[in-house]
Amino acid sequence: MAFAAVATLFAATTVTVPMVLAAMAQVGTVMSVVGLVTGNKDLAKLGGAIGLVGGVGGLIAGAASAASSGVAGNLAQEGFRAGESLAQNAATDVTIDAGAAGLTAPEVTNFAATPGISEAQAVPDVGNVGMSPPPNTPAPLPTDVAGPTTVTGPKDVGARFTTNPAAFTGSAKGRGFFSGVFDYIKDPANKEMVNMGGKVIGGAFEGMQRADEFNRTQGLRENEFAYRQAQDANVRQQNTSRSGIIQRARA
Amino acid sequence: MLGKTTNPLLQQTEQAILQKVKPELKLPLERTVTAGLQVMYGKPEVLIQQLAKSEDFAHNVGEGAAKLVGVLYGQSKKTMPVSIAFPAATIFMCEGLDFLEKAGKLKVTPELLAEATQDMAASVLQLFGITPDKMREAMAQKGQQPPAAPPAQGIVGAAQGA
């Protein structure tokens, strides 16, 4: 499944690279899904690129079986290239709003995680996102999550999980926030991997279209088979009825 | 369907997201979404305050969805699985957009949904403590080539003149 367990981000005192990659894989999945549903190629491409960076497994899982056949068919026909559109639309500004706003919520009922759910204590590197997490027993979450409660600057936004999420006001624009991903995609050194990611998504779209065509063909064949069976049964019933050929011959 | 949205595009989005959730996480996600909807509609004035804080409704919705997930995580005393944060935030985002559409503030279009999704994703990542610099650092480390293999050792290596 696409939303594999992510390392205990909230409990970690530092955000490690595997954690970032795992989170990016999940973000890529969400964006890919929404991009496919809405037919927004740019969003799907962005999600694909982010997912590709986070882990190909999550990318593939996010692209497959997420959209209608019409969307998949159109995207496959138009040729899917991950790098071009993103490079053209890349933004470089990252603005962080250092203001604060309050949002309080009433007490909600506590709920425990479903027994048996395990969360990877350390998310493995590329390739394992989207698959079952390794059988590691997670450490208990600490109760003293510390960190800045207000945004202090563009480079120090939310270094740790804030203790007051209601006051969180990270208002970096989506496109600006992911400007680093755009830069990564534009980097000639990463062109091959980006194109590979584009082909993966394009292949997934094409595969989805072919799968839909196969299902439609198969459905027609099944309908035809059922029709013929019904016809045969009707003929058999007529032949064995009192007014049928056999009965008349016996008469 | 876990949410209350009636917009076909948003319903389709929610369904697609739910298909990506692991079976063992569906129940926690359902609980999270139920609790979140209680928060959203239990005090509509709070909801309206967040959704109407600026003219950028897509950002308001995306940020609000991330905030709500963070609040629920805190209220659950950290028992909520972290891995359902993104799907839950996506569902809340759809609910917020549906709310605004019913209120006549906007018309949900694929472009608006895409923009809100980007803002929501960015907000949730920031809530996790993942900044653009950390993302760049992760991508830079990921792009580094692995170290070269060590030279052959042992008898064969020594015989070969190592």
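Here is how names work: the chains are called A, B, and so on, in the same order as the sequence lines, proteins then strands, and each is numbered from 1.
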What residues form a salt bridge (charged side-chain N to carboxylate O under 4.0 Å, His left out) with B:Lys105, not counting sequence neighbours?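 If we apply the salt bridge (charged side-chain N to carboxylate O under 4.0 Å, His left out) test to B:Lys105, skipping adjacent residues, there are no hits.
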When rounded to the nearest 0.5 Å, the distance separating CD of B:Glu14 from CD1 of B:Ile17 is 9.5 Å
Assess the pair B:Tyr73 and B:Phe128: is the distance between their ring centroids shorter than 6.0 Å? no
Just so I understand: if I count every heavy-atom pair under 4.5 Å between each of B:Leu9, B:Thr34, B:Thr109 and chain A, which residue has the most? B:Leu9
In terms of heavy-atom proximity below 4.5 Å to chain A, should B:Thr13 be classed as side chain, backbone, both, or neither? both
Atom group of B:Met120 that falls short of 4.5 Å from chain A, counting heavy atoms: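 When you check distances to chain A, only side chain atoms of B:Met120 fall under 4.5 Å.
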Are the side chain of B:Glu95 and the backbone of B:Thr5 linked by a donor-acceptor contact shorter than 3.5 Å? yes
